[in-house]
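Here's the structure we're looking at; comments come further down.
Predicted model, so just to flag it, every value in this text is computed and none were measured. Hydrogens, waters and symmetry mates play no part in the numbers below; they use all other heavy atoms, side chains included.
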Amino acid sequence: MLVKTDVSEVLTPSTIKLAIGAALGTLAFVPSALAETQNTADSSSDVIAVYASRIDAQKANGAAAVSTVSLEEIEKRQGTSVADLISHLPNVSIAGGGRDESQAIVIRGLSSDNGRVIQLIDGARQNFSLGHRSSLFIDPELLKTVDVVRGPASTVWGSGAIGGVVAQSTKSAYDFLDADQDIGGYLKQGFHSNDNASRTSGAVFGRTDTIDWLVQSYYHDADDNQLGNGKTLSYSASREKGGLAKVTYTPSLVHQWTFSARQGDRDAMSPSNPSVQDPSSNYPLVYRQTQDQSLAVAYQYTPMNDWIDLSSRVYWNDTQMKEYRLVTDEHDDNQMQTLGLSLTNRAHFNDIEFIAGFDGYLDHYQTQRDDKSAPGERPEGQDAKARSIGVFGQLEIPLAESWQWTAGLRFDDYKNEDTRATSTIEDASDSQWSPSTALTWNVTEQLALTASYQEAFRAPSLEEMYASGSHFVVPMGPSKLINRFVPNPNLKPEHSANKELALTYQFAPMAYLDSGYIDARVFRNDVEDFIEMNVDFMGATTTRQNVSNAKLEGVELSFHHEYGQFKNDLSYSQMEGKDKADGRYLEQIPAHKLVAETDYRLATLPVNLGARVSHYADQNENPDQKTYDGYTLWDLYASYSPKGAWDGVKFDLAIENLTDEYYTTAWSEVASPGRDIKLNVRYQF
């Protein structure tokens, strides 16, 4: 029997009242006179946009490496996951291989599959994590932008941001409607040749003087992926459906409320560890159903005042992953529920900018393991809770005409507890400070040099602390060796300290260049108390321990050029990761990468043409002395929006892996897909 977690266990009256009370209580600090600055909205005014204060603050700060994937790029790429949209960015790689079920994002050598990269959707943390399974559930069709912060960012985002942040923003009616349009909709049909995928989506949306709304849905059905060597990647097919509903209410120019609900379902068949090549006795074939849903209420208060620019959000996430083992007729269930609250205010005092905020969330993690085919030879079910509260502040201060100083500090307090009725494991709690500082010298109006230092941390996950039961079984003649998990509630959080030098140069307009920039970065990230799985074969135990300290060093170079209808981008990234104790290389370090892209917009026709070439070097810096061969990928893109009788129709064509390269990304066991011709046709009315 599958366990079904009662939502009321997380959404208790006390926690709901606490979250709502905290959100409303912040308004008590707002002078009532300011609240009445403007009571009604001018019917001719655009609705104000919710201000993503933290991401915007990091973009403005030269110490942070932030890349944005725009809506145009999302539509051009036609990705099947968020990983597809960001894999070209410097020192960003995708782990897990050719199945979407196993994909994880790796930023500067640190991976999202163990919580070292934070994933956000409209500012809400996505905390689901289960070994070897992907946590990238949102469909790109729902997204407007994806912002990627490369490097530690705990001062602003808290636990988990030792590698970086992937912040995804969903669409709203204003991303579709023209200035003179109040209601509309679209239908889109896509086809991908590689996996014979059909991708259907649509939406209706509208607005009045004070309300804009959107209802969006999608359905995708794909067969197995085809590899560059002509073979099929078995058990890589999937079926997905879901949607988004969003309503924004703007009673005045200073107040805005946004209500959103998101749902996604995914069905697939794969080995229990989808990152391995084929099913086996250790990784049996499972039918996996994933249900991911979210509710959120956001409030934005932006009076005509330098002291207040307030953003707040209350959210609830529920992710449930069910797995059915076909051979043994066993059912597993994994569920994570998160109730969260976030507040951010941005203020200006003369030339000083101050951003401050609060984050709090409650996680409830439950699992059930069916062991009827071999009692006692599966991991035990879990029931655990985590609570985290954090406050932060960050100042940007001009020190002189050419100097800018940024300083931030965050305090987090967390508590983890094993809530199984039979548990005798003690609760675990800790608190952490996360400072950051950066000094920027504006040498000229075009050239800026920045030196920065950021500390970050990752609290141990509930699974890492409280996993128990059997890890694996090894037949030994007539008997068996059963290796068992040993809980470790004494795990310390992982810490990182990142030192970074950045050079940015903005080109002035000149012959053959309308605008452009160069961004160059050198960094070293020292990570202490890495949490790793320690398997003792002789002792027949497995436990997580703080066992190593790491040194991650790298370089990132980016060049952007625009002239007339041309846009060109060139980036190069490389890094190295070593254990500081014995000098051995670390896993998950991305291969050196060179990416060149050009885009041309035809002046006489509504046509865009683009091409991208990505070269990945050999990766032989491996603790097991294994070499992953380098490869080169060629991608072509085109879009066409005819006018006249065809007004409202848009065609998007992408050809990825044009040369049908057979390749395996570094650290993966499973090859990635070969050539894929993607065609989307959209009609908007």
Taking [atom1] in [X] as the centre, count heavy atoms belonging to other residues, nucleotides or ligands within less than 6.0 Å. Is the count above 12?
X: K580; atom1: NZ; value: yes
X: Y315; atom1: OH; value: yes
X: Y219; atom1: OH; value: yes

Which atom pair, heavy atoms only, marks the closest approach of [X] to [Y]?
X: N483; Y: D536; value: ND2-O, 3.4 Å
X: G109; Y: M575; value: N-SD, 3.8 Å
X: S234; Y: D224; value: CA-OD2, 4.0 Å

Using only atom types and a distance under 3.5 Å, with no angle test, would you say the side chain of [X] pairs donor to acceptor with the backbone of [Y]?
X: D676; Y: N194; value: yes
X: D267; Y: T290; value: no
X: Q619; Y: I589; value: yes
X: N334; Y: M321; value: yes
X: N317; Y: R125; value: yes
X: R99; Y: Q277; value: yes
X: R116; Y: N114; value: no
X: S496; Y: V527; value: no

For this session: Show your reasoning for whether salt bridge (Lys or Arg N to Asp or Glu O under 4.0 Å) applies to K492 and D529.
Result: CA-CA 7 Å; K492 296 183 292 185; D529 295 323; 3.6 Å; yes
Polar side chain donor-acceptor pair, [X] to [Y], under 3.5 angstrom:
X: D265; Y: Q263; value: yes
X: S373; Y: E330; value: yes
X: D418; Y: S423; value: yes
X: H132; Y: D113; value: no
X: D122; Y: T170; value: yes
X: D526; Y: H495; value: no
X: D412; Y: Q432; value: no
X: S468; Y: R420; value: yes
X: T367; Y: Q382; value: no
X: D221; Y: S198; value: no
X: S111; Y: Q588; value: no
X: S275; Y: N273; value: yes
X: D292; Y: T319; value: yes
X: E417; Y: T419; value: no

For this session: Using the test salt bridge (charged side-chain N to carboxylate O under 4.0 Å, His left out), find all partners of D579 that sit at least two apart in sequence or belong to another chain.
Result: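 For D579, the residues satisfying salt bridge (charged side-chain N to carboxylate O under 4.0 Å, His left out) (neighbours in sequence not counted) are R584.
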From [X] [atom1] over to [Y] [atom2], what is the distance, rounded to the nearest 0.5 angstrom?
X: M533; Y: Q545; atom1: CE; atom2: CD; result: 11.5 Å
X: N225; Y: S236; atom1: CG; atom2: OG; result: 4.0 Å
X: S548; Y: K578; atom1: OG; atom2: NZ; result: 15.0 Å

Using ring centroids (six-membered ring only for Trp), state whether [Y] and [X] fall under 6.0 Å.
X: Y662; Y: Y631; result: no
X: Y324; Y: H331; result: yes
X: F472; Y: F537; result: yes

For this session: Quick one: list whatever passes ring-ring contact (aromatic ring centres under 6.0 Å, His included) with F411, sequence neighbours left out.
Result: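 Residues passing ring-ring contact (aromatic ring centres under 6.0 Å, His included) with F411: W433.
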Exercise. Just wondering, do T542 and R484 contact through their side chains at under 4.5 Å, heavy atoms?
Worked result: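 They are not in side-chain contact.
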Problem set entry | Full working for salt bridge (Lys or Arg N to Asp or Glu O under 4.0 Å) between K372 and D329 | CA-CA 9 Å; K372 63 185 178 185; D329 188 32; 3.4 Å; yes
For this session: Decide side chain to side chain donor-acceptor pair (under 3.5 Å) for E101 and S134; before the verdict, give the C-alpha distance in whole Å, the side-chain angles of both, and the deciding distance to 0.1 Å.
Result: CA-CA 5 Å; E101 289 291 294; S134 178; over 6 Å; no
For this session: Go through D363 and Q337 one step at a time and tell me if the side chain to side chain donor-acceptor pair (under 3.5 Å) criterion holds.
Result: CA-CA 6 Å; D363 283 340; Q337 292 184 322; over 6 Å; no
